[in-house]
Structure formats: structure tokens, C-alpha cells
Novice: 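Have a look at the structure that comes next, please.
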Amino acid sequence: MALTAVKGFNDILPDESGRWQYIEQTARRVFELNGFGEIRVPVMEKTELFCRSIGDATDIVEKEMYTFTDKGGNSVTLRPEGTAGVMRAFIEHKLYAQDPISKLYYLGPMFRYERPQKGRYRQFHQIGAEITGVHDPLADAQVLNMLTTFFREIGLTEPTLQINSLGCPECRPAYRATLRSFLEERMEHLCEDCKRRFDTNPLRMLDCKVPGCIEATAGAPSVLEHLCSGCDEHFSSVRRYLDLSATPYSINSRMVRGLDYYTRTTFEMVTGLLGSQSAVAAGGRYDGLISQLGGPAIPGIGFALGLERVALLLGSQDFASLPDLFIATMGGGERDFAFSLMDGLLKAGVRVEMDYEGKSLKSQMRRADKLKARYSVVIGGDEVASGRASFKRMIDGLQTDVALTVGDIQSLIGKSE
RNA sequence: GUGGCUGUGGUGAAGCGGUUAACACGUACGACUGUGACUCGUAUAUUCGAGGGUUCGAUACCCUCCAGCCACCCCA
């Protein structure tokens with residue numbers, strides 16, 4: 001049996017990588033327009049970083065991390081998400097000392113030991129963006145606008161924005177207690193998972209899909225009605241800014257996060273097209289994270305979007321670039337001439353292909369067709385002697401006689417520099 | 001981590017105990033020895049995810065493993 005890739009780790013083949021590049025380029029363009037700069041951080045960090053940021057009791061840290069001991073005896077982990085590493089770098093290099101506000105984006109592989117499914121793999125890829133140093137809800141709105149713009153630019157209308165507020169250390173404990181006492185009375189109607197969540201993460205119970213639980217929690221108190229005045233005002237301002245920028249959204253007061261560091265604004269871009277992997281992008285505010293990691297008390301907000309899921313939503317559109325010209329040759333004698341011509345055109349930025357193996361003219365023309373070259377030309381003894389050749393426009397077969405110079409060929413195929 | 005379904009060539013698939021393992025797409029070459037697409041012809045799975053077992057005989061039945069999908073879970 002031949003060797004295969006590790007379960008949940010996938011190859012991205014050329015017919016698919018065009019789509020990935022399109023997603024990445026669109027993200028870079030939109031993010032950089034908004035003033036974000038790329039940060040590249042390692043794929044592996046000390047395990048402690050993730051325990052302290054994501055939260056010891058979360059599923060990610062408890063059972064999904066690729067953690068191992070390296071040869072020096074240190075516990076290290078393949079990053080399960082991007083924010084923690086970016087914030088570690090932010091603190092380590094004291095980026096806040098150069099500029100009180102920073103806007104960073106990153107992209108790359110993340111690793112989680114989960115059961116693979118469509119849109120969910122053990123190595124998956126995220127593009128994320130983070131703003132630090134801004135308390136003002138304007139930052140929340142900009143991030144949400146940017147995310148919305150990204151999806152619009154890429155040509156998708158499907159994922160829709162849902163927002164919520166999780167409160168802050170001031171008001172969340174009180175809400176938690178209120179929710180707990182509400183749920184306690186209905187314990188017998190709840191599923192086993194929810195009974196367990198009651199102790200670990202009662203907010204998560206609002207997100208349960210078991211019909212009995214949905215019914216039992218129908219009248220549960222909403223976070224939004226238990227926000228302190230600061231959080232309430234913040235949330236209203238976020239909504240006002242979203243309205244001002246005509247950013248469509250809906251409020252989902254039952255939306256929960258799987259990472260402990262979130263405060264106040266949280267959001268998701270959700271779709272109904274990906275089965276149970278409905279979140280295409282998600283994020284929120286994390287005002288306590290940086291100080292929790294040993295940095296100064298600087299607020300932050302950000303999101304990450306799942307590349308695989310966006311790629312899935314884009315479908316099988318073809319983003320590959322096509323050759324401008326295919327050069328066919330009659331025999332060995334003309335290949336030196338053709339090779340020089342190809343070389344000159346490539347250096348001028350024209351995408352050229354030619355036959356590599358001295359195949360029959362028919363085979364060469366078939367290949368020109370298969371590669372979807374826009375033009376083809378046959379170089380034989382006559383062409384070498386006269387310095388002119390007949391260029392065929394493949395789409396309609398129209399032939400044009402042109403001198404075999406880089407400039408003339410460029411002007412024919414409409415690809416000048 | 002739990003449950004269910006599935007696994008035949010590069011792809012989509014028929015066959016479901018004894019077949020030359022159908023058909024289509026794709027690919028290669030040719031018909032057309034200087035021009036692709038359409039058409040036609042020829043070739044293209046010693047083998048049915050892997051390993052065991054039952055059987056005179058297994059791609060088909062059984063077991064184990066592996067992989068994929070779906071739901072749960074979780075999440076991007």
C-alpha cells in the first residue's frame with residue numbers, strides 16, 4: 001500500500017489552488033485597504049500559551065490540540081487558532097510601544113485533532129485580522145464592515161452576519177448566575193450534554209440543538225438584557241455604526257464562543273450551505289486577553305475565516321490562468337528558433353507554451369486546444385526563413401500573418417507591457 | 001470521542017458467488033505525413049480500499065483495519 005497523507009491533512013492540487021489564491025489575494029487586498037499589515041508567526045507555540053488564552057476548560061485545549069514534548073523536554077503545540085500566537089508576538093515585540101493602535105492580519109494552517117468532515121479538517125487554514133488598542137466600538141464596526149466587504153468582493157452573498165454581546169467581567173458573572181438559576185429549574189428536560197455543560201459552560205446550553213433543550217430554554221434570560229451600562233452602550237454604538245455603513249446583520253443573543261477570551265462583541269458569518277459546519281468566519285472582542293498573557297491592559301478585537309469553507313462556498317469555479325500562445329514546431333530543426341522565441345516572449349511577460357517532446361503536429365495542436373491557449377502558431381522551415389508566421393486565434397480559427405518578433409506578437413495578442 | 005452509511009480505473013459509474021469487470025468521460029495514438037475543437041478507429045482495471053477468513057471458486061459473503069461522507073460533538 002502506497003503512502004498516503006495523514007488523516008485530516010489534505011493536498012491542495014493545482015486545479016484547486018487557483019481558487020485558494022483568489023481568496024487569499026482578495027483578503028489581502030481588502031485588509032490592506034483597511035490599513036492592516038501582515039504578521040507571520042510560527043505554527044508552533046509553547047503549550048502554555050494556548051492554555052492561558054483559549055482556556056483550560058475548552059474543548060480545543062482539553063481534547064483537540066496536537067501537543068507533544070520536543071527533544072528538549074518542552075511541551076509544544078501546533079497552533080489550533082491564530083489569535084494567541086499573534087498576541088504573544090505583539091507582547092513579545094512590544095508593538096504597542098511603537099504605535100498604540102495596531103492592525104494585523106495573518107494567514108496559514110491551524111491544527112485541531114477533530115473527526116474530519118466536509119469543511120472540517122485536522123489541518124485547516126484561516127485568514128484572520130486583529131485590531132489592538134481601540135476601545136471604541138468604531139473598531140468593532142470596521143472589522144465587521146471589512147469582513148462583510150471581503151465576502152461581497154469575493155462574490156458571495158450567502159454567509160450572513162450575526163452579532164451578539166457577551167458582556168464583560170463586570171456583568172457576565174451576574175448573567176451567568178441568573179441563567180443558571182433559570183436552567184436549574186428545568187434540568188430534567190435537558191439532554192445529558194447540557195447537564196454536563198451546566199457546570200462547565202452554561203452559556204453553551206443556549207446553543208444546544210436537541211429539540212427538548214430548545215424548548216426548555218425558550219424563555220431563558222437574554223445576555224443582552226443583562227449587560228452593564230458600559231457594555232450596553234458599546235453594543236448600541238456598534239449597531240449604530242453598522243447601520244450608518246449599511247452593513248446588514250442580525251442579532252443572535254444565543255450565539256456563544258468556544259474560546260474563553262471573548263468579551264463584549266462577538267459575531268459569526270453563517271451559512272446554511274455547509275451542513276453542520278455553518279460558521280465560515282467568526283470572532284469578537286477580547287479586551288482582557290493581552291493582559292492575561294502578561295502584556296499591558298490593551299483591548300483587542302478580531303476574527304478568523306476558514307479558507308476551506310470559503311473555498312467550498314465558491315464552488316468549482318475555475319481561476320486558473322490560460323496560456324496566451326502555444327508554439328508548435330514541424331521538426332527538430334525549428335525547435336532552437338522556437339525556443340528562442342518562447343524565451344523572448346516569456347521575458348516580455350507573455351504566457352507561452354510549446355511542445356516538449358517532438359510530437360506530431362496534430363498532437364501539438366490538440367495540446368494547444370487542451371491548454372486553452374488563446375493563440376497558436378506553427379513554426380516550420382518556411383517561417384524560420386521568412387521571419388513571419390500565421391497566428392491562429394483558437395476561439396474562431398482566424399489566422400493572421402505576423403512577423404516573428406516579440407513586439408509584433410505582443411500587439412497581436414493584445415498583451416503589451 | 002459516539003453513532004450511521006459508503007469504498008470497483010485518472011473521473012462518473014454497471015456488475016453483487018464462476019463475466020473477456022459493461023458503458024460514458026478522460027488520456028495516448030491514428031484517420032488528416034503543415035494546423036485543435038466535431039466525427040470515426042485503436043489502445044487504455046491480470047483487478048475491484050488493505051489484510052485475513054468462509055468456499056471447489058469471492059469484486060460480491062464474514063471479520064479486522066484504513067479512508068471518505070453524514071449526523072452528534074465541536075468550530076473557522
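In what follows, chains are A, B, ... by sequence order, proteins preceding strands, each numbered from 1.
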Novice: When you match F9(A) and D59(A) each to their closest nucleotide on RNA chain B, which lands nearer the 5' end?
Specialist: F9(A)
Novice: Under 3.5 Å, is there an N or O donor on one side and an acceptor on the other linking the side chain of R115(A) and the base of rG3(B)?
Specialist: yes
Novice: If we call it a pair only when both distances are under 3.5 Å in a Watson-Crick or G-U wobble match, what pairs with rC56(B)?
Specialist: rG18(B)
Novice: Both distances under 3.5 Å, Watson-Crick or G-U wobble: report the partner of rA13(B), or none.
Specialist: none
Novice: Is any side-chain N or O of Q364(A) under 3.5 Å from a base N or O of rG34(B), one able to act as donor and the other as acceptor?
Specialist: no
Novice: Quick one: OG1 on T83(A) to CZ on R88(A), what's the gap to the nearest 0.5 Å?
Specialist: 13.0 Å
Novice: Counting only Watson-Crick or G-U wobble pairs whose two distances fall under 3.5 Å, which nucleotide matches rC48(B)?
Specialist: none
Novice: Answer with base, sugar-phosphate or nothing: what part of the nucleic acid does G119(A) contact at a heavy-atom distance below 4.0 Å?
Specialist: base
Novice: Now, which nucleotide makes the Watson-Crick or G-U wobble pair with rU27(B), with each of the two distances under 3.5 Å?
Specialist: rA43(B)
Novice: Below 3.5 Å between N/O atoms, which protein atoms pair up with nucleotides 5-7 of chain B? Just atom names and distances, please.
Specialist:
none

Novice: Between the base of rC75(B) and the side chain of R112(A), is there a donor-acceptor distance below 3.5 Å?
Specialist: no
Novice: Donor-acceptor pair under 3.5 Å: do we get one between R204(A)'s side chain and the base of rC74(B)?
Specialist: no
Novice: Tell me what A368(A) touches on the nucleic acid: a base, only sugar-phosphate, or nothing, going by heavy atoms under 4.0 Å.
Specialist: nothing
